[in-house]
Engineer: 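For reference, the structure I am asking about is given below.
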Amino acid sequence: MKIASFNINGVKARLPRLLEWLDICEADVVCLQELKSMDDSFPRLEFEDRGWHLETHGQKGFNGVALFSREPLQDVRRGLPGDDSDEQARYIEGTQKGVRIACLYLPNGNPAPGPKYDYKLAWMERLKKRATELFNSEQPTVITGDFNVIPTEKDCYDPAAWLNDALFLPQTRAAFQTLLYQGWTDAIRQIHPQGDCFTFWDYQRGSWEKDNGIRIDHFLLSPQAADRLQDAGIDRAQRGKEKASDHVPVWVTLSD
DNA sequence: ATGTCGGATAATATCCGA
């Protein structure tokens with residue numbers, strides 16, 4: 001079973017690139033972030049004509065997440081629990097072949113400090129609570145998406161330049177580590193313990209050309225999923241294409 | 001300090017968010 005995650009930065013702007021990649025990705029389930037589309041204006045037919053089942057959780061202009069799958073998903077749940085007043089579309093869960101899959105777009109949090117950073121930390125606290133429930137269910141579970149967290153210095157081309165950024169502040173990294181300490185496996189680091197493993201290169205300052213990347217798209221696997229981890233990777237080549245997203249797809253394969 | 005994108009609103013630019 002292959003599960004992929006891709007922050008596409010606008011489903012309409014990315015349509016040709018996304019369709020092209022979906023045709024070759026060989027994924028059973030695709031987790032998408034930053035759709036920037038409402039559900040009722042989502043270009044569904046483009047994907048459904050190619051055999052994908054869609055579960056979208058959209059919002060006007062910003063955010064938005066979705067699960068695409070080859071077979072219909074079960075028990076789809078939209079929104080991160082813990083704050084009924086939060087209207088930002090950043091979280092969706094579904095089940096495929098007994099594997100619980102959570103797709104998230106964690107708040108960026110800049111500028112920090114400030115209300116946006118407060119929202120990020122509160123969101124991470126809510127995620128921790130939901131992760132505890134998922135962990136305790138003992139169901140094979142995968143939490144993936146754009147975490148907007150650079151976990152360690154080796155996940156950044158120039159850690160000194162990011163010291164005051166919401167993606168790399170000590171409190172941000174600590175909150176991510178707290179998740180890992182629950183017993184989740186960082187699947188991409190597990191498979192690739194050395195090397196950069198960047199997943200994002202800013203559109204500005206020639207970041208891609210200089211390989212000034214960061215690793216912020218992750219897969220967290222519960223013990224029951226980690227036991228089945230076969231491989232994990234990053235489709236780095238997607239970043240070099242015309243009209244590319246600033247993120248690239250990441251993926252894991254689990255044994256059946 | 002700035003560089004680039006995508007989207008919304010309103011406009012032939014300007015803002016926000018990233």
Side-chain angles (χ1 to χ4, degrees), chain A residues 5-22 31-44 46-47 56-66 80 86-91 103-124 127 144-151 155-169 171-173 175-176 198-218 235-250:
Chain A
S5 172
F6 192 1
N7 178 322
I8 55 174
N9 189 12
V11 67
K12 295 177 183 77
R14 208 67 56 218
L15 206 49
R17 281 293 85 77
L18 181 57
L19 290 168
E20 180 182 274
W21 173 77
L22 285 169
C31 305
L32 298 169
Q33 303 91 35
E34 266 203 283
L35 303 166
K36 299 185 177 180
S37 170
M38 292 183 288
D39 291 340
D40 56 15
S41 61
F42 199 93
R44 297 186 68 91
E46 304 275 1
F47 306 104
T56 63
H57 181 37
Q59 178 181 347
K60 190 176 186 177
F62 306 101
N63 303 327
V65 289
L80 180 65
D86 185 1
E87 294 181 350
Q88 298 198 33
R90 295 180 174 275
Y91 188 89
C103 166
L104 64 79
Y105 175 45
L106 206 148
N108 176 294
N110 281 306
K116 291 187 177 180
Y117 192 58
D118 295 341
Y119 175 66
K120 177 177 193 152
L121 293 177
W123 206 94
M124 294 184 83
L127 177 62
T144 186
D146 176 2
F147 281 71
N148 271 315
V149 175
I150 302 167
D155 298 312
C156 182
Y157 68 95
D158 181 7
W162 286 74
L163 277 179
N164 297 314
D165 193 283
L167 280 61
F168 194 55
L169 281 170
Q171 249 185 305
T172 306
R173 283 184 273 165
F176 186 78
F198 296 152
T199 67
F200 169 92
W201 295 260
D202 201 296
Y203 285 126
Q204 300 187 67
R205 297 174 292 271
S207 298
W208 168 245
E209 289 74 13
K210 292 185 268 191
D211 196 19
N212 286 347
I214 55 178
R215 186 173 80 97
I216 57 176
D217 299 86
H218 307 301
D235 288 352
R236 187 183 159 101
Q238 292 297 319
R239 187 64 179 81
K241 294 186 178 292
E242 286 290 316
K243 293 280 286 181
S245 172
D246 40 7
H247 294 251
V248 295
V250 293

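Treat the numbers as computed from the prediction; the structure is a model and nothing was measured. Lettering of chains follows the sequences in order, A, B, ..., and the numbering in each one begins at 1. Worth knowing before you read on, the calculation uses all heavy atoms, side chains too, and leaves out hydrogens, waters and symmetry mates.
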Engineer: Quantified in whole Å, what is the P atom distance between nucleotide B:dC5 and nucleotide B:dA1?
Structural biologist: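 Result for the P pair: 22 Å, nearest Å.
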Engineer: Quick one: do the A:Asp217 and A:Thr199 side chains pair a donor with an acceptor below 3.5 Å?
Structural biologist: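 Present: a donor and an acceptor within the cut-off.
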Engineer: Distance between the P atoms of B:dA10 and B:dC15, in whole angstroms?
Structural biologist: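 Approximately 14 Å lies between the P atom of B:dA10 and that of B:dC15.
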Engineer: Using the side-chain contact (heavy atoms from CB on, under 4.5 Å) rule, pick out the option among A:Asp246, A:Val248, A:Asp146 that qualifies with A:Phe200.
Structural biologist: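 Exactly one candidate clears the test, A:Asp246.
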Engineer: Students often get this wrong, so: under 4.0 angstrom with heavy atoms, is A:Arg17 touching a base, only sugar-phosphate, or nothing?
Structural biologist: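 Nothing, no heavy atom under 4.0 Å.
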Engineer: Determine the Euclidean distance between corresponding C1' atoms of B:dG3 and B:dA18; express it in Å to zero decimal places.
Structural biologist: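 That atom pair is separated by 15 Å.
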Engineer: Between residues 200-208 of chain A and DNA chain B, which residues have a heavy-atom gap below 4.0 Å?
Structural biologist: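 Contacting residues: A:Tyr203, A:Gln204, A:Arg205.
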Engineer: Does a side chain donor of either A:Lys120 or A:Thr172 reach within less than 3.5 Å of an acceptor in the other side chain?
Structural biologist: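 No, A:Thr172 and A:Lys120 have no side-chain donor paired with an acceptor closer than 3.5 Å.
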Engineer: Here's one to test your reading of the geometry: is the NZ or CZ of A:Arg173 within 45 degrees of the ring axis of A:Phe168 and under 6.0 Å from its centre?
Structural biologist: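 Here A:Arg173 passes the 6.0 Å and 45° test against A:Phe168.
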Engineer: Taking the side chain of A:Asn9 as its heavy atoms from C-beta onward, which of B:dG6, B:dA18, B:dG7 lies nearest to it?
Structural biologist: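 Closest of the options to the side chain of A:Asn9: B:dG6.
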Engineer: Please determine, by modelled atom types, if A:Tyr119 and A:Asp86 share a side-chain donor-acceptor pair under 3.5 angstrom.
Structural biologist: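 Distance-only check passes for A:Tyr119 and A:Asp86.
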Engineer: Can you list the residues that meet the side-chain hydrogen bond (donor to acceptor under 3.5 Å, both in side chains) rule with A:Asn164, with sequence neighbours excluded?
Structural biologist: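 Checked A:Asn164 against side-chain hydrogen bond (donor to acceptor under 3.5 Å, both in side chains); zero matches.
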Engineer: Do any N or O atoms of the protein come closer than 3.5 Å to N or O atoms of nucleotides 8-16 of chain B, and which pairs are they?
Structural biologist:
residue : atom : partner : partner atom : Å
B:dT9   : OP1  : A:Lys60 : NZ           : 3.2

Engineer: Just how far, in rounded Å, is C1' of B:dG17 from CG of A:Asp165?
Structural biologist: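 About 14 Å, once rounded to whole Å.
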